[in-house]
> 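Dropping the structure in here first, questions after.
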Amino acid sequence: MNETDMPNKPEIHGGKILANALASQGVEYAFGVPGESFLALLDGLYDQQNQIEFVTCRQEGGAAYMADAYAKLTGKVGVLMVTRGPGASNAMVGVHTAYQDSTPMVVFVGQVSSEMIEREAFQEMDFRQTYSQCAKWVGSIDRVDRINEYVSKAFHLAQSGRMGPVVLALPEDILSSLGPDHVSQQAHRVQPGVDIDAFAHAQELLEKAKNPIIVLGGSSWDASSCADLQRFAEDQQIPVVSSFRYQDLIDNESPAYAGFLGLGINPKLVQRVTDADVVLVIGDRLGEITTLGYTLFTVPQPKQAMIHVHPGANELGFVYQPTVALNCAPTHFVKHLIAANLKLQKNTEWYVQARRDQEAFQVPLPIVGNIQLAEIFTRLNEVLPKDTIITNGAGNFTTWLHRYYSYSGFKTQLAPANGSMGYGLPAAIVAKIAMPDRTVVCIAGDGDVMMNIQELATGMKYQAKPIVIILNNGMYGTIRMHQEREYKQRVSGTFLTNPDFVLLAKSFDMQGYRVTKTEEFFPALQDAIAHGQGALIELITEPNAITPTKTLQEL
């Protein structure tokens with residue numbers, strides 16, 4: 001039978017075509033808030049509900065964070081669905097996070113009907129202008145017969161090179177129009193390989209190095225490449241440091257792990273990076289926080305020999321001019337590194353002392369007040385399972401977490417490298433949805449957690465209830481810290497009034513605890529773990545204890 005003899009396939013509406021296209025991409029979860037602008041897509045998802053679960057969230061910002069966290073945790077593309085105007089605006093916070101964190105995400109935004117575009121119709125936005133600075137590409141599906149083509153393009157772009165978010169607008173009339181469905185293949189993850197000549201130059205630098213150091217970061221990793229890199233560093237005795245909020249790329253108990261770059265950094269690590277003769281940067285952009293405001297290395301040409309490996313060609317030489325630039329995915333580079341059988345000069349004293357400096361940095365320091373956060377975060381390593389997923393948003397409370405908690409390795413940390421508040425709770429909920437058998441703990445400040453507290457309802461709906469540890473000091477601590485530095489004793493706008501978190505927990509059918517002393521914390525945590533139904537554990541912390549080493553008065 002030739003093609004002309006085959007019976008014509010019945011036409012279906014664009015929403016069903018789009019849902020089928022997502023199924024062919026292997027999508028298992030989509031996150032969002034339903035809107036009338038994409039009703040036809042919701043109808044299409046009804047037919048795909050055995051494969052794709054639409055996770056109904058309570059605000060688009062929380063949904064966007066969930067899509068980002070899902071992608072970070074699973075390595076798959078995060079899918080977000082929001083309505084036009086207000087929904088798209090709310091989602092911006094998570095799209096920006098995905099962009100700066102290089103997280104693969106595809107965002108579907110309902111749009112007004114084609115005949116109404118550029119009339120400022122109800123809730124209309126120009127999505128290309130709105131998202132142009134925080135998305136890899138912004139498109140609009142303007143023909144029903146091209147839906148599969150656009151979806152394929154979006155999923156390819158989101159995962160290629162430096163990964164990131166892609167936005168597709170969905171005119172309402174296109175979703176409701178009838179058209180033929182075409183089976184599409186799943187998108188390939190396209191990542192650049194190793195340039196042999198550039199690698200040979202890098203090999204020469206590494207083999208001559210006397211004080212080398214490795215910096216790990218970015219999103220384009222997998223478990224095997226992280227494990228291989230850790231073994232390489234341990235065998236060759238090279239200290240490894242992680243960039244801001246990528247501490248889980250290496251087991252923090254490894255003798256090679258020498259600490260993290262970013263906020264609250266160990267001063268001795270700053271000196272060690274300065275004293276290095278070769279810095280091998282794999283996967284990280286070398287952004288502002290990781291480089292301490294672009295002061296860790298000289299701009300534009302570092303005094304150290306720098307080998308910069310990154311999957312995005314535009315990131316190489318963008319701020320720092322490296323000695324060797326390798327436009328290459330970390331996974332490909334590490335395989336080549338292992339296979340090359342390099343002959344490096346081992347500097348045991350350099351290697352061992354780097355680890356000793358990190359261990360000394362992790363010795364708990366006392367602070368004012370009845371809650372000793374250093375002691376709590378240090379002991380968490382003894383109480384929680386090794387594969388516990390720790391999530392957090394942003395705030396000064398994270399300086400204790402990053403300094404004293406030891407991440408056990410790949411995909412045990414979910415945190416926004418762009419320092420976005422409100423991320424931790426949605427991330428913890430999606431971690432429990434995607435990996436319900438793992439222990440998930442969200443560490444949050446009171447200002448941080450309240451930005452998306454409504455997503456506890458999402459956790460209740462999907463029986464995805466993490467343990468949430470809230471450090472409550474009654475203020476926006478980071479901003480207050482900066483206030484005291486810049487405008488001493490002129491406090492404005494940073495005090496907070498909070499709900500009763502214990503009662504709030506009970507309203508969401510979770511355990512609630514209030515802790516006022518260090519010795520009360522671990523019994524509460526162990527009780528929460530035993531119940532297994534999620535919990536809010538509120539720690540009443542001393543406002544003056546603003547960092548692990550200083551009070552507000554000492555700033």
Side-chain angles (χ1 to χ4, degrees), residues 68 71-72 75 94-105 133-137 157-166 189-192 194-195 198 202 213-222 225-226 229 240-250 259-263 265 269-270 273 276 278-302 304-334 394 402 413-420 423:
D68 175 89
K72 279 186 171 79
V95 179
H96 179 264
T97 299
Y99 185 73
Q100 288 220 324
D101 288 22
S102 303
T103 307
M105 182 192 292
Q133 294 300 306
C134 63
K136 293 185 69 175
W137 176 64
L157 280 175
Q159 301 175 86
S160 66
R162 177 188 170 186
M163 297 187 287
V166 170
R189 175 163 290 188
V190 182
Q191 292 288 313
V194 177
D195 181 298
I213 199 165
I214 299 174
V215 178
L216 304 182
S219 62
S220 300
W221 292 85
D222 58 28
S225 59
C226 286
L229 192 281
V240 176
V241 299
S242 60
S243 65
F244 186 56
R245 292 187 171 158
Y246 290 104
Q247 286 170 254
D248 65 342
L249 293 178
I250 180 173
F260 63 91
L261 301 177
L263 302 176
I265 187 175
L269 180 56
V270 176
V273 174
V278 176
V279 179
L280 171 58
V281 182
I282 311 177
D284 196 75
R285 293 192 301 117
L286 295 178
E288 178 188 355
I289 303 300
T290 292
T291 62
L292 314 183
Y294 304 106
T295 64
L296 188 61
F297 306 104
T298 305
V299 179
Q301 190 167 13
Q304 309 93 327
M306 178 180 284
I307 303 164
H308 195 178
V309 181
H310 198 279
N314 291 342
E315 303 307 317
L316 298 169
F318 186 72
V319 177
Y320 295 106
Q321 180 183 346
T323 312
V324 179
L326 277 149
N327 179 208
C328 179
T331 50
H332 297 325
F333 177 81
V334 170
H402 296 336
Q413 181 183 31
L414 284 177
N418 76 329
S420 190
Y423 183 93

> Does D284 offer a backbone N or O that forms a donor-acceptor pair with the side chain of H308 under 3.5 Å?
yes
> Backbone N or O of N418 within a donor-acceptor pair of the Q100 side chain at under 3.5 Å?
no
> Side chain to side chain contact (heavy atoms under 4.5 Å, CB included), that's the test. Do V319 and V299 meet it? Break it down for me.
CA-CA 7 Å; V319 177; V299 179; 4.2 Å; yes
> As an exercise, state the distance from OH of Y294 to CG of L292, rounded to the nearest 0.5 Å.
11.5 Å
> Please report the interatomic distance OG(S420) to NE2(H96), rounded to the nearest 0.5 Å.
8.5 Å
> Looking at every heavy atom in both M105 and G94, which two are closest together, and how far apart are they?
CE-O, 4.1 Å
> Compare every heavy atom of M163 with every heavy atom of S219, then report the nearest pair and how far apart it is.
OG-CE, 3.6 Å
> What's the separation between atom CD1 in I282 and atom CG in L249, rounded to the nearest 0.5 Å?
10.0 Å
> If I compare all heavy atoms of C226 with all of W221, which pair ends up nearest, and what's the gap?
SG-CE3, 3.7 Å
> Report yes if the side chains of P416 and D101 come closer than 4.5 Å at any heavy-atom pair, otherwise no.
yes
> With no hydrogens and no angle check, is any side-chain donor or acceptor of E315 less than 3.5 Å from a backbone partner on V309?
no
> Would you check if the side chain of Q304 reaches a backbone N or O of V273 as a donor-acceptor pair within less than 3.5 Å?
yes
> Give the minimum heavy-atom separation between P311 and Q191, together with the two atoms involved.
CB-OE1, 3.2 Å
> So, T331 versus D222: side-chain donor-acceptor pair below 3.5 Å or not?
no
> Do I250 and L229 have side chains that approach each other closer than 4.5 Å (heavy atoms only, starting at C-beta)?
no
> How many angstroms lie between atom NZ of K72 and atom OG1 of T97, to the nearest 0.5 angstrom?
7.0 Å
> If you define the side chain from C-beta out and look only at heavy atoms, does anything of L286 sit under 4.5 Å from M306?
yes
> Are any side-chain N or O atoms of R162 and backbone N or O atoms of Y99, one a donor and one an acceptor, separated by less than 3.5 Å?
yes
> When you measure from the centre of the six-membered ring of Y320, is the NZ or CZ of R285 closer than 6.0 Å and no more than 45° off the axis?
no
> So do the side chains of V240 and L216 get within less than 4.5 Å of each other, counting heavy atoms only?
yes
> Provide the closest heavy-atom pair for T290 versus L261 in the form atom of the first, atom of the second, distance.
O-CB, 3.5 Å
> Near F318 CZ, under 6.0 Å, is it more than 12 heavy atoms from other residues, nucleotides or ligands?
no
> Please name the pair of heavy atoms, one in G312 and one in H310, separated by the smallest distance, quoted to 0.1 Å.
N-ND1, 2.9 Å
> Taking the side chain as every heavy atom from C-beta outward, state whether L326 and I307 have any atom pair closer than 4.5 Å.
yes
> Do the side chain of S102 and the main chain of G164 share a donor and acceptor less than 3.5 angstrom apart?
no
> For F260, does its backbone N or O pair with a side-chain atom of Q247 as donor and acceptor, under 3.5 Å?
no
